[in-house]
Amino acid sequence: MKFVLEKKDTHSHARTGSLITDHGSIQTPIFMPVGTAGTVKAVHQRELKKDIQAQIILGNTYHLYLRPGLDTLEKAGGLHQFIGWDRPMLTDSGGYQVFSLAGTRKIKEEGVTFKSHIDGSKHFFAPENVMDIQRSIGADIIMAFDECTPYPCDYAYARQSMEMTHRWLLRCQDRFDSTEGKYGYSQSLFPIIQGSVYKDLRIQSAEFIAKQGREGNAIGGLSVGEPAELMYEMTELVTAILPADKPRYLMGVGTPANILECIALGVDMFDCVMPTRNARNGMLFTSEGIINIRNEKWKDDFSPIDPAIGNEVSSTYSKAYLRHLTVSKEILAAQIASIHNLSFYLWLVGEAREHIQAGDFASWKASMVKKVSTRL
RNA sequence: GGGGGAAUACCAAAGCGGCCAACUGGGACGGACUGUAAAUCCGUUGACUUAUGUCUUCACAGGUUCGAAUCCUGUUUCCCCCA
């Protein structure tokens, strides 16, 4: 994998770049649709490519390991082959499930014992087997196994958790560096900064992660309920420490406004379930603002969802039609809304990239943040 | 013609003397959702108004009772069975 830094913004820390993988290159800043269980929910791979123009999608180690399981994935020739996706992929390590499955898991130095959310069976995740599992899944970018701490989180816990995440990283690297990809292309391991919302911990973690010299770096443990200002503060703090010539991935972020703000802080990669999950729940992100398509006000609004983003689905179907499908709980509602929201997210980062290259990112961002945060 | 049963808020349906402005579904309306245990979850749904009060409700009209959606009488409508 190779990262080429292309242009730095003069009024902010925003930058553009190209991330080149064995499955093709990614133009940054980029948003990566989340496809937890080998599918971006409600969206075909064909639509991801043609309509949404996704350049890279995510998968999840925990979910794929439970189902379909590694045997199937290996027999299929890896996740790319299995799902029919020939562009880059990234897998999360299960670190987020350490956070989200808080009620059904136990953390120790050695690793984490999970209770499967599917059948209640017990499973053990540790840095070593998480690397092995991600080798079997075969994503281009794989994530270190970390503990994503909740918010709020007291200082003592945040500190000891961060230190354990660092020790886990060394174990991840040992295993990763002593193994090879199984399917003939290379994989890269991204370490993850933790430290909750404590400046000194974030600095310490960023320095530790930067020192490892991996091919890209991630910021984790944010967007877990803390105020956006704190998230920006932590992000700004660590992007200043991370090497400029490596891509920076802010995990789990976020709203359109969050993404624009964090691009300005020097982040290159984002992922979030928000465009897909909220689409299924009737919330649309558009170039004019946020729409709750269930609201009565759209009942007879026959204007297209969002013609400005140049996507066929978004300029063809009307708000009134999508509202009808949503209110009727029709499957097509989830499909159209998901395609639209993802198209919008990809359009948004594409626009950001163009404005960084054009040199007017800061002023464009200021007006865009306002627009995309408006409730229609 | 004879016998039996039922009428409750937008719909369906509990309640069968006080704890009922009335269970529960659905619908309608509104909100939440940030490395996906989520096509999920939460709230409101008589009025005035937000104290957690007042007023008007359970087909219609009377009545019994300190007190009725709940008991009695009559009226209207609907359903079932027998002729």
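Here the structure is a predicted model, which means the values were calculated and not measured. Residue numbering restarts at 1 for every chain, and letters A, B, ... go by the order of the sequence lines.
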Could you check which nucleotide pairs with [N] in any of the strands shown, counting Watson-Crick or G-U wobble with both distances under 3.5 Å?
N: B:G18; value: B:C66
N: B:A39; value: none
N: B:A47; value: B:U54
N: B:U73; value: B:A61

[atom1] of [X] versus [atom2] of [N]: gap in Å, rounded?
X: A:W298; N: B:A28; atom1: CH2; atom2: P; result: 19 Å
X: A:I293; N: B:G31; atom1: CD1; atom2: P; result: 12 Å
X: A:E296; N: B:G31; atom1: CD; atom2: C1'; result: 16 Å

What class does the angle between the rings of [X] and [Y] fall in, given that below 30° is parallel, 30 to 60° is tilted and above 60° is perpendicular?
X: A:Y321; Y: A:Y317; result: tilted
X: A:H355; Y: A:W364; result: parallel
X: A:F285; Y: A:Y345; result: perpendicular

Once base and sugar-phosphate atoms are separated, protein heavy atoms under 4.0 Å mark nucleotides 32-41 of chain B, 5' to 3', with B, S and - as BBBBBBBBB-
Using the [atom1] atom as the reference point in each nucleotide, state the distance between [N] and [M] in Å, no decimals.
N: B:G18; M: B:C41; atom1: C1'; value: 37 Å
N: B:G15; M: B:A7; atom1: P; value: 10 Å
N: B:G67; M: B:U56; atom1: P; value: 16 Å
N: B:G63; M: B:A68; atom1: C1'; value: 12 Å
N: B:A59; M: B:U70; atom1: P; value: 8 Å
N: B:G46; M: B:A39; atom1: C1'; value: 34 Å
N: B:A37; M: B:G5; atom1: C1'; value: 49 Å
N: B:G26; M: B:U44; atom1: P; value: 15 Å

So that I know where these two stand, are A:H166 and A:F208 an aromatic pair - ring centroids less than 6.0 Å apart?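 Yes, the ring of A:H166 comes within the 6.0 Å limit of the ring of A:F208, centre to centre.
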Polar side chain donor-acceptor pair, A:H123 to A:S121, under 3.5 angstrom: yes
Salt-bridged, A:D177 to A:R214, with N to O below 4.0 Å? yes
Can A:E207 and A:R202 be counted as an ion pair, charged N to O under 4.0 angstrom?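 Salt bridge flag = no for A:R202 with A:E207.
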Can you check whether A:M269 reaches A:M251 side chain to side chain, under 4.5 Å on heavy atoms?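 No; the side chains remain at least 4.5 Å from each other.
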Is it true that atom CZ of A:R67 has more than 12 heavy atoms of other residues, nucleotides or ligands lying nearer than 6.0 Å? no
Under 6.0 Å from the ring centre and within 45 degrees of the ring axis: does the NZ or CZ of A:R135 meet both conditions for the six-membered ring of A:F176?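 Relative to the ring axis of A:F176, which defines the angle, A:R135 lies inside both limits.
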Scan residues 119-133 of chain A against RNA chain B and write down, sorted by residue number, each residue with any heavy atom closer than 4.0 Å; if none is found, say none. none
